[in-house]
Amino acid sequence: MAKNELEEALKKASMEEKTVIITVINKAYVEPHNGEYPSMFDLFLESFWEGESTRVLLEHLLVVAVDQTAYERCMFRRLHCYRLVTGDVDFAGEKIYMSEEFIKMMWRRTRFLVDVLKLDFNFIFTDTDVMWLRNPFFMLNKSKELDLQMSTDWFNGDPFSNSNSINTGFYYVRSNTKTISLFEIWYAMRRNSKGMKEQDVLAKLIREGVNKELDLRIKFLDTFHFGGFCSDDTDVKLVVTVHANCCRSIEAKVADLKNVLMDWKKRFKEGHTHVADGDEGRNNSPVENSFKWSKHISCANSWHVLNSTLS
């Protein structure tokens with residue numbers, strides 16, 4: 001019954017060629033920190049609204065809720081929602097980074113994504129702390145030549161180098177026998193990877209050549225387009241997504257992602273519109289040439305706070 005419900009949810013959200021966008025939320029992401037709006041989920045959805053050619057993508061977003069509060073908030077937003085049953089484990093609150101609960105939540109997410117691939121759906125998985133500022137499908141290779149396209153914390157210049165520092169907060173995967181095998185191997189490795197989060201386990205598999213063993217074609221995404229707080233070289237003219245990586249708490253992420261959206265809306269979009277009204281060429285726009293993202297002060301400081309947390 002559960003798989004039938006999941007398949008129906010995927011079908012409703014699917015675009016052409018059985019492709020969906022998936023994010024996973026819990027109570028900590030949908031409720032405002034210390035009672036102050038916006039929540040992380042609010043910012044995530046606002047980025048689709050403010051991004052270029054991204055609003056239509058909300059029709060293809062499947063929001064996976066791991067607790068009832070998150071599910072109800074999703075339904076209130078009139079989105080495509082799926083309630084993921086997590087057994088006796090409570091995934092509602094913010095989890096301490098690398099705690100047992102945090103690691104369990106990450107592995108439960110991986111197990112769910114195995115089920116999606118087995119139902120023959122391609123998907124972009126995105127963390128909720130990723131701002132979608134432009135439509136990524138314009139940049140991603142949609143041919144069947146590539147099985148997996150994954151974001152990086154640090155990009156070494158070679159999109160096919162296994163030594164890139166991967167980030168599982170944003171990636172595009174095609175459903176086929178090779179990717180299903182990869183995800184099954186990845187999930188099975190949790191038994192021999194105590195104390196390791198799922199991203200580190202996948203990175204280890206890739207470094208050891210799992211893609212060669214399975215004949216997988218993996219492309220690693222340039223932080224110039226798919227950037228984040230780890231590598232601050234994202235060009236506003238070409239930015240696609242901005243991820244609040246290298247940050248330890250929801251409070252810090254929300255503070256700095258609010259600045260990302262403010263930079264995008266007030267300093268870039270509105271500034272560029274004023275320049276266009278003055279008939280200055282896009283390529284010579286002083287707004288674009290002088291633009292710099294606000295510094296991620298809250299996230300930088302989060303590493304110096306004792307008992308910091310990450311959802």
Side-chain angles (χ1 to χ4, degrees), residues 2-25 44 47-48 51 53-65 74 79-82 84 106-128 130 132-152 159-160 164 166-188 198-199 202 205-206 210-211 213-222 225-226 240-241 243:
K3 284 198 173 182
N4 290 339
E5 291 176 1
L6 173 58
E7 188 168 16
E8 285 304 309
L10 290 164
K11 285 179 180 178
K12 288 178 182 178
S14 178
M15 57 185 76
E16 294 180 3
E17 297 183 356
K18 299 184 72 174
T19 299
V20 296
I21 302 164
I22 296 174
T23 196
V24 177
I25 60 172
F44 177 69
S47 75
F48 281 84
S53 303
T54 49
R55 292 182 189 179
V56 66
L57 297 179
L58 287 172
E59 299 174 9
H60 305 295
L61 173 67
L62 179 63
V63 179
V64 179
C74 177
L79 301 165
H80 297 295
C81 311
Y82 178 76
L84 179 62
M106 295 299 100
W107 282 120
R108 183 64 185 90
R109 184 176 81 180
T110 305
R111 177 183 160 192
F112 169 78
L113 296 173
V114 173
D115 292 337
V116 174
L117 289 175
K118 286 183 174 180
L119 288 170
D120 197 30
F121 283 87
N122 316 308
F123 61 84
I124 288 181
F125 176 81
T126 174
D127 276 344
T128 318
V130 175
W132 286 51
L133 302 181
R134 288 189 173 93
N135 188 328
F137 288 103
F138 296 151
M139 287 291 298
L140 296 170
N141 187 323
K142 288 185 280 188
S143 74
K144 295 182 179 180
E145 295 175 2
L146 294 176
D147 302 299
L148 175 62
Q149 297 170 74
M150 179 162 287
S151 64
T152 57
F160 298 102
N164 277 295
I166 69 166
N167 188 297
T168 54
F170 181 95
Y171 57 89
Y172 177 36
V173 57
R174 297 191 62 85
S175 174
N176 55 43
T177 56
K178 294 181 289 184
T179 55
I180 291 171
S181 294
L182 172 67
F183 273 65
E184 287 181 328
I185 292 169
W186 181 18
Y187 182 65
E198 95 306 343
Q199 177 175 293
L202 180 59
L205 284 170
I206 291 172
V210 70
N211 45 339
E213 292 176 17
L214 297 176
D215 193 29
L216 274 164
R217 184 74 164 164
I218 302 177
K219 180 179 180 180
F220 303 97
L221 301 174
D222 192 337
H225 304 287
F226 298 89
V240 179
T241 59
H243 186 190

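Index from 1, following the sequence.
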Any side-chain donor-acceptor pair under 3.5 Å between Trp186 and Thr110?
-> no
Pair Leu57-Phe48, side-chain contact (heavy atoms from CB on, under 4.5 Å): steps then yes or no = CA-CA 7 Å; Leu57 297 179; Phe48 281 84; 4.0 Å; yes
Trace of the side-chain contact (heavy atoms from CB on, under 4.5 Å) decision for Met150 with Leu202 | CA-CA 11 Å; Met150 179 162 287; Leu202 180 59; 3.7 Å; yes
Student check: side-chain heavy atoms of [X] and [Y] closer than 4.5 Å:
X      : Y      : value
Thr19  : Phe137 : yes
Phe170 : Leu221 : yes
Thr126 : Ile21  : yes
Val24  : Arg108 : no

Take Leu148 and Leu216 through the side-chain contact (heavy atoms from CB on, under 4.5 Å) test and state the conclusion after the steps.
-> CA-CA 8 Å; Leu148 175 62; Leu216 274 164; 5.6 Å; no
Please name the pair of heavy atoms, one in [X] and one in [Y], separated by the smallest distance, quoted to 0.1 Å.
X      : Y      : result
Ile166 : Phe220 : CG2-CE2, 3.6 Å
Ser175 : Ile180 : OG-CD1, 4.3 Å
Asn141 : Gln149 : O-NE2, 2.7 Å
Lys219 : Leu146 : CD-CD1, 3.9 Å
Thr23  : Phe125 : CA-CE1, 4.3 Å
Lys18  : Asp120 : CE-O, 3.4 Å

Take Tyr171 and Leu113 through the test side-chain contact (heavy atoms from CB on, under 4.5 Å) and record every step on the way to the result.
-> CA-CA 12 Å; Tyr171 57 89; Leu113 296 173; 3.0 Å; yes
Main chain of [Y], side chain of [X]: is a donor-acceptor contact present, judged purely on distance under 3.5 Å?
X      : Y      : value
His60  : Val20  : no
Thr168 : Gln199 : no
Asp215 : Lys178 : no
Asn135 : Ser53  : yes
His80  : Glu59  : yes
Asp147 : Arg217 : yes

How far does CZ of Phe121 sit from CG of Leu10, to the nearest 0.5 angstrom?
-> 5.0 Å
About how many Å separate OG1 of Thr241 and NE2 of His225, when rounded to the nearest 0.5 Å?
-> 10.5 Å
Identify whether the distance between the nearest side-chain nitrogen and carboxylate oxygen of Glu184 and Lys118 falls below 4.0 Å.
-> yes
